[in-house]
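Note sheet for the following structure.
First the proteins, then the strands, lettered A, B, ... as listed; each starts at 1. Quantities reported herein were computed from a predicted structural model and do not represent experimental measurements. Just the heavy atoms: all of them, side chains too, but no hydrogens, waters or symmetry mates, feed the values below.
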Amino acid sequence: ACKSGKETPTENAAAAQPQPAKSGKRTIAYIQKQGDQQYFVDQAAGAQAEAAKLGVELKVSNVALDSNLAVSTLETMIAQKVDGIAIVVPDQLIGPQVIDRAKQAGIPLIASDDGILDAQKNAAPFVGFDGTAMGTEVGTKAGQLYKASGWKAAETRIISASKQDLSVCQDRVNGAKKAFLEASGETGIKVIDLGTNNSPTDAQDKTAGVMTANRGVKHWVVWGCNDENVSGVVNALQNGNVDQKDIAGVGLGAYLACKDWKAGKTTGMKAALFIDGKDVGAAAVKVLSEAIQNKTPLPPKTIAKTHMVDSTNWEQAGVKCM
Amino acid sequence: MTTALQLSGVSKGFSGVQALSDVSIECQAGEVLALMGENGAGKSTLLKVLSGDHQPDTGRIVVGGTPRVFRTPAEAHKAGVRVIYQEPEIIPHVSVAENVYVGALPHRFHWFDRKGLIKRFRADLERFGFSGMLDAEMLGNQLSAAHRQLVEILRALVGEVKIIAFDEPTSSLSGEETDVLFALIERLRQSGVAIIYVSHRMQEIMRIADRVAVLRDGKYVGDRKVREKPGAPATLSEDDVVRMMVGRDLSAMYVRETHEPGHIVLSLDKITNEDVHGVSFDVRAGEIVGLAGLVGAGRTELAQAIFGDTPIQSGRILWDGEGEGKLRELHLRSPRDAIRAGIGLAPEERKTQALLMRRSVRDNTSLAVLEHLRRFRFIRGDEERDLVRKFVSKLRVRTPSLEREVRTLSGGNQQKVVLARWLARRPKLLILDEPTRGVDVGVKAEIYAIIAELAREGIAVLVISSDLPEVIGLSDRIVVMHCGHVTGQLTRAEATEERIMALAMAGYLQQAPEKASKTEQMMEGAQ
Amino acid sequence: MTQSAAEAIHVQDERSLPRRVLDAVGAQNLSLLMALAAVVTIIGVQDPNFFSPSNMLAIGTAVAIAGLLAAVQTVVVILGALDISVGSMTGFTSVICAMVFTATGSASLGVVAALGIGLFCGLINGATIVYGRVNPVIATLATLATFKGLAQLVSGGRAQGYTGGDDFFIFLARGSIAAIPTLIWVLVLIAAALHVLLKYTDIGRNIYAVGGNDVAARLAGIAINKYVVGAYALSGAVAAIAGVLLTARTGSGQPVSGSEGLELESITAAALGGCDLRGGKGAIPSTLLAILLLGVLSNGMTVLGVNPFWQNVAKGALLAIAVIIQQKRSGERAVGLPR
Amino acid sequence: MTQSAAEAIHVQDERSLPRRVLDAVGAQNLSLLMALAAVVTIIGVQDPNFFSPSNMLAIGTAVAIAGLLAAVQTVVVILGALDISVGSMTGFTSVICAMVFTATGSASLGVVAALGIGLFCGLINGATIVYGRVNPVIATLATLATFKGLAQLVSGGRAQGYTGGDDFFIFLARGSIAAIPTLIWVLVLIAAALHVLLKYTDIGRNIYAVGGNDVAARLAGIAINKYVVGAYALSGAVAAIAGVLLTARTGSGQPVSGSEGLELESITAAALGGCDLRGGKGAIPSTLLAILLLGVLSNGMTVLGVNPFWQNVAKGALLAIAVIIQQKRSGERAVGLPR
Ligand SMILES: Nc1ncnc2c1ncn2[C@@H]1O[C@H](COP(=O)(O)OP(=O)(O)OP(=O)(O)O)[C@@H](O)[C@H]1O
Ligand SMILES: Nc1ncnc2c1ncn2[C@@H]1O[C@H](COP(=O)(O)OP(=O)(O)OP(=O)(O)O)[C@@H](O)[C@H]1O
Ligand SMILES: [Mg+2]
Ligand SMILES: [Mg+2]
């Protein structure tokens, strides 16, 4: 009666049996972290649209930043005998648990946005963007902007705003830092790591403190974990009478940056990396659905495209501005 | 007799108030020492010092010959010192039995013995003579004031008792429970317990005390023997005690010239709800009607119904506040409606039903009159202060300032604040539920005079009181209730304690039935 | 008088059978059971999969961690206080457990370390409240931030270690005894222990006394301070167990994720289960029913694939409706603030 | 006797000067001021820039939104209740304001719509509590979820609109009158209005009465239900103003970001400002001082470049220390739970 919990898939016979070719509607679960953020909302929408096209039933659930809830939701979906699972984990270290459980239940699983490894360090199939790569693009753009501006290193500070206990955030801003050095060739600029709760108001309030501590600084380079951070910092700088010409802000997401551009305002938000959640959501559903139908393994990596946009080309790139 | 307790040179000050200064008192084993004094004289504070609840600024406590310092009530408890506080402290969602044995629950290895507790409770109830008066399983929040007082008393009797102090224990008890309590005190006395008894009721003192000690303004005034030896008749006169307490002679307690009552202000027509059954009587302008009965007779419930606080199931409340000669039916959904109509009710329990303990005397007094004191919703501060000051000094509320939190006042002074609130409101009908609970003799007389004055000014007053002399001395007419029924009405001339008791004990079949029906007929004719 | 009281006792012993059953179950629990039945029916009708044993177990394991905290929160609430730092302590102990395990390779050392830290955090809470004279809400709000910061500091803000390879942690996370998952056993055992503590020991009765009327408790010689400190220490210890479970479930020590917000959830469950937030009233079984109701709601909506935004709306509305029904049955008069 | 009473009252008017000053400031405020002074000194010594006028104003604007909610939370707390849905209402009204503005191009319509929705949400809270007999904590926890869900639904979870091009919103976010930022003016004016309401009107007196002893309030003829519903409506309206400010500050309507967690912050400030969470006690100026203290702490630590994890630890510790000092001065007896 007592189970150690380590039983291998074969012991869980019923679950492990290859599913008989399904006649009914296939069901896919999309478990998302931070499901109330714009990017993930778009992702869900993209996935829904794709699912409708393919005739698949899609169940989207939001687990916020709660890794325990993520495990619970995964279990619920397994209990529901869904045919495939896409998951954006709140924390990448829960990867082994997530992969193990899906494997035990014999359900194909794809990691969306944040890659995960199993206990043997084998990566699960992945669809999305690469965090470090995103950061690299942002950092490179910022480096280019800096180089073009002709600012002096001593009069410039970099604000790197992010939620510091989120590893994906750290991947991005660390990537940006490294790429900035390479693109600008400038090593003498002080980077201020600004810890926020990823909301624009908090970024604003914290930036006010940074400005106090860094009077006499003329120019600011800004990046962050998401558009909320960058737009908050840029707004605060502008409110503190820093001219938009002295700010080189590079957003990540473009959904807030585009608002200034749409209104035709000149702003310190010089560029933003546009990542389209819709693409990722759709791709996840598509590869999962194909794999289920054809009983083929999932492709190991499906990387969605990113675009660096600015005030001139954001519309062409497909940024939808509410 | 041996000296069981010796307090010497006890002083205690609160910020701005010297509650006790250099008080020295002794109490012998097997003696009942009555502690008397005006409201705010420092009686409760002295008992709290004794119980370890307050630390004296100076002074010593000697129990049975050994000097003791009680840092907590628990230490005093262990030393056999018990104090029954003026305000019972009840644990709401817990049974009566647990309430009584709180802190001393029977247990083995922490395993709580519920059955043993109930058994022990029943046995103790029997032993102390209260059997049948309390239900072991009832929850604390369901208890009436009398029950709560009993719980508080029983609690103090648990374990070995050497010294026991009662702070106005009878203020919410009826005659029957009081008798049991006195029997208990007598037994405790005989078994060598030293008893301190605080009360404002002179007859009680004369009945059970061996000696009276008096405090005035926190100072010890002196003591007098009440009787030569226990059981002997009292030799001390009430006036002596009063003079010691107040420092002067009191004028007559009840000054009440009879005069013609005015129009009918309130007429109850077969009011019925869960606790009162078919109650009908009138109250006229300028008339003081006393409502007598035993605890649980439903007087408070009736008052709450008249005040719109509990719904009535049938019957009518007829009202003619302005004296237009026409009674109109009142439909009351809340006390607010009643107050708007011109009814005021000073409830019986000041702590739970009337006072905002952590607000100032000013806020508490003006609470019901704010709508007369405001202009565009702004309170006119000067007017408010003048009004409050007027009633505070009229009722002699002892407070260093109007801004003092009510919780820091002595019990009797808190009661006066409740009365002040309703006097300030000047309703057409004022219902006073146990208005002099815990009020000292001097102020009692004062309150009676104020009630009489209100009546003279044409206000109808309905006084609920368990203090029979008070009811008789004050009322023009007395309505007696038993178990939710009116069992009779007596005019002032007819009223004697015996007659009221007879009616209150449901004796209306044997006692004066024709009279009761006669008054009822009279009332019906009046409508 | 004497008669009427005796009568009352007499009448009570002759309660009708349904009445007796009701009294035993308790009105509070009955309302919760009814609400639970209603919710289960509604969801089950839409998707019969909901009733599958595996889904039932999924619900059970999902509420295990929150359930532990809700149970111990009930004790603290009955005492008249509130522990807002439970979630934070859970995160802190989760990280410590994983780090000690990773450093030593011993699961039991990890658990002991977590328990030690939990107890210590609880003692800090209790001492701040009792000896610092800080209002429990503020004190635990303060330590909520402090413990979270400490968890982030020791972990550098990152999830720590990997426990998915250890038998003990795997057994905790996925094992079962008699076909019931270990997680559920842990919850049930600890809740039962707390229930026994509250109902059948003098300690528990004193907790009710302190919460119901602290003056009465003090005058009766109950060492209130000891109880307050003890309750918070208990809360810390149970939070540590929750932290260990969290580590086992997620396979790593989580400083913040998975424990943030548990304080509100545990308080919600306690209040929904009929605890009086002013103290002196409450019971573990009702709290467990409440947490189960919340778990069923959240599971059911996931099963039905309700849009997360609608889930918020529905959860709020259903919570309110459940309590409204509960209250309407009590027939209380609608004046002032309900407790 | 009559004499002595009169005498006693007379004495009061002859309090010593320092005593009178202390009474006017209030012991609670004095402690907060001292804590504030200490914190300001410590930070200012490390970085004199902290004292620059621009930083002072930055602190002021940073606390404006939380300050509004804390002020109105104080009113609700004094009444003996709690509004946990304030943050959620702020987010909801922020989105509505931005959407209506975007649709109509009229800032005033946006503000009116936000106020309308805020009022409506508040009325729902009040009605659920009073007529549904739901405990205020549960009721507003339920509506916290509901309003958040509604905000997400109407906005599709996306930040809405762009208000950075409108003069009115720009004035709100960045304008100033007499060198004081508009945000601070809004906070100060509304807090002052609430202060006057509480201290100088019969409404305020009655709010204290209801919170102090609801039975007594009812028996004194106060229409408690009206006050409860009214307080929640007020809370909704002020949350709407906070929502408008949030929209103005961020330049767009934010359904969740920027308003989540404000409920705890507002309750923390109220409690730190000396409100008794059981009701009947509290004051707006103290709450404002408390929120200022929290704002100074957070700004100061950013100015000093303290790592956010340490910020959590320090914030918690300083919060506890501030209250401990505050309490030690009152010389209360250290038994049981402090209120
Ligand atoms: N906690 C306290 N803080 C401040 N003053 C207090 C406090 N307790 C009592 N006092 C004051 O001490 C004085 C004595 O009060 P005490 O309660 O002992 O009077 P008492 O003789 O019992 O009066 P009563 O007959 O009305 O009960 C009063 O002036 C009272 O206001
Ligand atoms: N001995 C008792 N047993 C049970 N309930 C009681 C008892 N005494 C009083 N009650 C409760 O009190 C109610 C009526 O009491 P109420 O307070 O109205 O009487 P009262 O005449 O005003 O007495 P009091 O002198 O205490 O003011 C009863 O209906 C009952 O609920
Ligand atoms: Mg007294
Ligand atoms: Mg009564």
Residues D:Asn299, A:Asp205; criterion side chain to side chain contact (heavy atoms under 4.5 Å, CB included); working and verdict: CA-CA 8 Å; D:Asn299 171 284; A:Asp205 297 340; over 6 Å; no
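- For A:Glu228, the part lying under 4.5 angstrom from a heavy atom of chain D is the side chain only.
- Proximity to chain A is absent for every atom of D:Leu304, based on heavy atoms less than 4.5 angstrom apart.
- Contact count versus chain A (heavy atoms, under 4.5 Å) is highest, among D:Ser252, D:Gly300, D:Ala173, for D:Ser252.
- Heavy-atom distances place both the backbone and the side chain of A:Asn239 under 4.5 Å from chain D.
- Between chain A and the options D:Ala62, D:Gly251, D:Gly261, the largest number of non-hydrogen pairs under 4.5 Å is found for D:Ala62.
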CA sep, side-chain torsions, deciding dist, call: A:Asn214, D:Asn49, side chain to side chain contact (heavy atoms under 4.5 Å, CB included): CA-CA 9 Å; A:Asn214 292 279; D:Asn49 273 337; over 6 Å; no
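- For a residue to count as touching a neighbouring chain, one of its non-hydrogen atoms must lie under 4.5 Å from one of that chain's; by this rule A:Ile192 does not touch chain D.
- With hydrogens and angles left out, the side-chain atoms of A:Arg215 and D:Ser52 include a donor and acceptor closer than 3.5 Å.
- Within the 4.5 angstrom heavy-atom criterion, atoms from both the backbone and the side chain of A:Lys259 approach chain D.
- Heavy atoms closer than 4.5 Å to chain A are found in both the backbone and the side chain of D:Gln160.
- Looking at D:Ile170, the atoms closer than 4.5 Å to chain A (heavy atoms on both sides) all sit in the side chain, from C-beta outward.
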Candidate pair A:Lys206 and D:Met301, rule side chain to side chain contact (heavy atoms under 4.5 Å, CB included), full reasoning: CA-CA 9 Å; A:Lys206 295 277 164 62; D:Met301 287 193 286; over 6 Å; no
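- In this structure, D:Arg158 and A:Asp42 have side chains that are in contact, with non-hydrogen atoms separated by less than 4.5 Å.
- Of the listed residues (D:Gly164, D:Gly165, D:Gly161, D:Pro181), the one with the most heavy-atom contacts under 4.5 Å to chain A is D:Gly161.
- Atoms CG and OG, from A:Asp202 and D:Ser257 in turn, are 9.0 Å apart once rounded to the nearest 0.5 Å.
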Verdict with supporting geometry, A:Ser199 and D:Gln254, side chain to side chain contact (heavy atoms under 4.5 Å, CB included): CA-CA 9 Å; A:Ser199 82; D:Gln254 299 284 344; over 6 Å; no
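- For a residue to count as touching a neighbouring chain, one of its non-hydrogen atoms must lie under 4.5 Å from one of that chain's; by this rule A:Asn197 does not touch chain D.
- Looking at A:Asp165, the atoms closer than 4.5 Å to chain D (heavy atoms on both sides) sit in the backbone and in the side chain alike.
- Remark: A:Thr212 OG1 to D:Phe51 CZ distance equals 12.0 Å, nearest 0.5 Å.
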